[in-house]
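Letters A, B, ... are given to chains in the order of the sequence lines, protein chains preceding strands, and every chain is numbered from 1. Quantities reported herein were computed from a predicted structural model and do not represent experimental measurements.
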There are 2 protein chains.
Amino acid sequence: MKRLLERIDREILAAGGKRSRSRAVVIEGFFRARDHVTIEELTRSVRESAPGIGAVTVYRTLKLLERLGYAKELDFGEGARRYESNLSPHHDHLVCRQCGTVIEFKDRGIENLQDLVTRRHGFHPTAHRLEIYGFCRKCAPGNSPERFG
Amino acid sequence: MKRLLERIDREILAAGGKRSRSRAVVIEGFFRARDHVTIEELTRSVRESAPGIGAVTVYRTLKLLERLGYAKELDFGEGARRYESNLSPHHDHLVCRQCGTVIEFKDRGIENLQDLVTRRHGFHPTAHRLEIYGFCRKCAPGNSPERFG
DNA sequence: GATATGATGAAAATGAATTTCATCATCAGA
DNA sequence: TCTGATGATGAAATTCATTTTCATCATATC
């Protein structure tokens with residue numbers, strides 16, 4: 001973690017930025033937080049140790065991390081965006097509509113077929129998003145007495 | 001088209017709604033419009049024939065069509081939602097980041113693999129979204145002198 | 001035709017995200 | 001180490017899509 005923060009620090013410096021205490025706290029908080037956080041969640045958690053930090057700084061810092069390639073914006077259609085660390089390799093998401101759990105998955109076969117599809121249309125892909133919405137194992141119809149029983 | 005509008009009309013009545021001129025204009029406008037319209041685009045086009053129609057009515061009418069199963073909300077991350085008719089069977093989208101063109105595609109292989117993935121995680125899917133972003137044939141790197149030359 | 005109630009549109013409200021701006025902090029050079 | 005330039009901050013204001021409110025209008029129903 002220390003290594004990572006120092007590396008990001010160096011990249012910010014190299015890009016003409018300056019160090020700042022608030023930003024450091026937000027960045028560390030982001031990598032320590034559970035994945036797929038909203039700005040609001042992250043702001044709340046970061047303020048536990050550094051109460052003065054404004055939500056605007058959290059917005060700005062995550063935009064910065066995204067620009068540097070360390071964070072990824074997600075949108076599960078909830079109104080507010082979520083962010084995940086971009087350190088682990090690319091993956092897609094299963095999103096439970098009941099409890100909000102997000103399961104990450106990776107499927108080489110799907111990716112290959114996507115490549116075929118784009119090639120067939122002469123399309124040059126730069127990114128994709130695949131989300132499957134439904135009910136996770138725990139919330140599945142039949143396993144949720146209070147909802148279906 | 002006439003048939004379709006009458007059928008929707010009947011469904012609205014059956015659900016306890018009433019007929020309305022404005023709404024009829026919006027619904028017809030929606031099915032005549034090019035696919036993947038924004039509220040703003042549809043409002044503008046609808047106002048050419050019925051200037052008094054408020055954007056709020058367009059919002060409400062598309063929500064209604066969605067509830068009835070005739071329209072689908074899309075979000076290509078542009079800030080404003082888009083809507084497409086839900087009459088044609090399910091498909092996914094290639095979205096050009098340069099010119100905004102949207103190509104629809106359908107790939108049974110991808111869908112099958114998605115089913116496998118969800119089953120592997122004990123997940124019960126109810127919907128999914130797959131969008132591939134990049135450059136369409138016309139805007140592809142190498143074909144766009146003003147951008148890459 | 002009278003009446004209950006759904007639909008409308010303008011304006012206000014909401015809420016996430018961004019911008020503005022005065023102030024503070026940090027880096028670079030003397 | 002001091003100092004000036006400029007990046008970063010946080011509060012408040014702004015933006016923008018969408019939703020809600022509300023007085024009024026329109027349409028089914030009796």
Any N/O pairs under 3.5 Å between the protein and nucleotides 14-18 of chain C? List them or say none.
unit_1: dA17(C); atom_1: OP1; unit_2: Arg81(A); atom_2: N; d: 3.0
unit_1: dA17(C); atom_1: OP2; unit_2: Tyr59(A); atom_2: OH; d: 2.8

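Pairs engaging residues 63-73 of chain A under the salt bridge (charged side-chain N to carboxylate O under 4.0 Å, His left out) rule: Lys63(A)-Glu73(A), Glu73(A)-Arg81(A) [sequence neighbours left out]. The salt bridge (charged side-chain N to carboxylate O under 4.0 Å, His left out) contacts involving residues 82-91 of chain A comprise Glu41(A)-Arg82(A), Glu78(A)-Arg82(A), where partners must be two or more places apart or lie in separate chains.
In this entry the distance linking CD1 of Ile12(A) with C1' of dT26(C) reads 13 Å, nearest Å.
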Output a table of donor-acceptor pairs, distance under 3.5 Å, between side-chain atoms of residues 49-58 of chain B and any protein atom two or more places apart or on a different chain; print 'none' if there are none.
unit_1: Ser49(B); atom_1: OG; unit_2: Val46(B); atom_2: O; d: 3.3

Report, one line per pair, each donor and acceptor closer than 3.5 Å where one atom sits in a side chain of residues 126-134 of chain B; sequence neighbours left out.
unit_1: Thr126(B); atom_1: OG1; unit_2: Arg97(A); atom_2: NH1; d: 3.1
unit_1: Thr126(B); atom_1: OG1; unit_2: Tyr133(A); atom_2: O; d: 3.3
unit_1: His128(B); atom_1: ND1; unit_2: Gln114(B); atom_2: OE1; d: 3.2
unit_1: His128(B); atom_1: NE2; unit_2: His90(B); atom_2: NE2; d: 3.1
unit_1: His128(B); atom_1: NE2; unit_2: Asp92(B); atom_2: OD1; d: 3.3
unit_1: Arg129(B); atom_1: NE; unit_2: Glu131(B); atom_2: OE2; d: 3.2
unit_1: Arg129(B); atom_1: NH2; unit_2: Asp75(B); atom_2: O; d: 2.6
unit_1: Arg129(B); atom_1: NH2; unit_2: Glu131(B); atom_2: OE1; d: 3.0
unit_1: Arg129(B); atom_1: NH2; unit_2: Glu131(B); atom_2: OE2; d: 3.1
unit_1: Glu131(B); atom_1: OE1; unit_2: Tyr133(B); atom_2: OH; d: 2.7

Side-chain atoms of residues 8-15 of chain A: list all donor-acceptor pairs with protein atoms under 3.5 Å, sequence neighbours left out, distances to 0.1 Å.
unit_1: Asp9(A); atom_1: OD2; unit_2: Arg19(A); atom_2: NH1; d: 2.5
unit_1: Glu11(A); atom_1: OE2; unit_2: Tyr70(A); atom_2: OH; d: 2.6

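In the region residues 14-27 of chain B, proximity to DNA chain C at under 4.0 angstrom, judged on heavy atoms, holds for Gly16(B), Gly17(B), Lys18(B), Ser20(B), Ser22(B), Arg23(B).
Closest of all the heavy-atom pairs between Ala33(B) and Leu42(B) is CB-CD1, 4.3 Å.
Extent of DNA chain D lying under 4.0 Å from chain A heavy atoms, first and last nucleotide in 5' to 3' order, is dA5(D) to dA12(D).
With sequence neighbours left out, the side-chain contact (heavy atoms from CB on, under 4.5 Å) criterion links Arg119(B) to Asp115(B), Leu116(B). Every side-chain contact (heavy atoms from CB on, under 4.5 Å) that Thr101(A) has, sequence neighbours left out, goes to Cys96(A), Cys99(A), Ile103(A). The side chain to side chain donor-acceptor pair (under 3.5 Å) search around Asn112(B) returns Arg108(B), not counting sequence neighbours. Residues passing the ring pair (Phe, Tyr, Trp, His ring centres under 6.0 Å) test with Phe76(A) are His93(A), sequence neighbours excluded.
Comparing Ile53(B) and Leu13(A) against DNA chain C, the residue whose closest nucleotide sits nearer the 5' end is Ile53(B).
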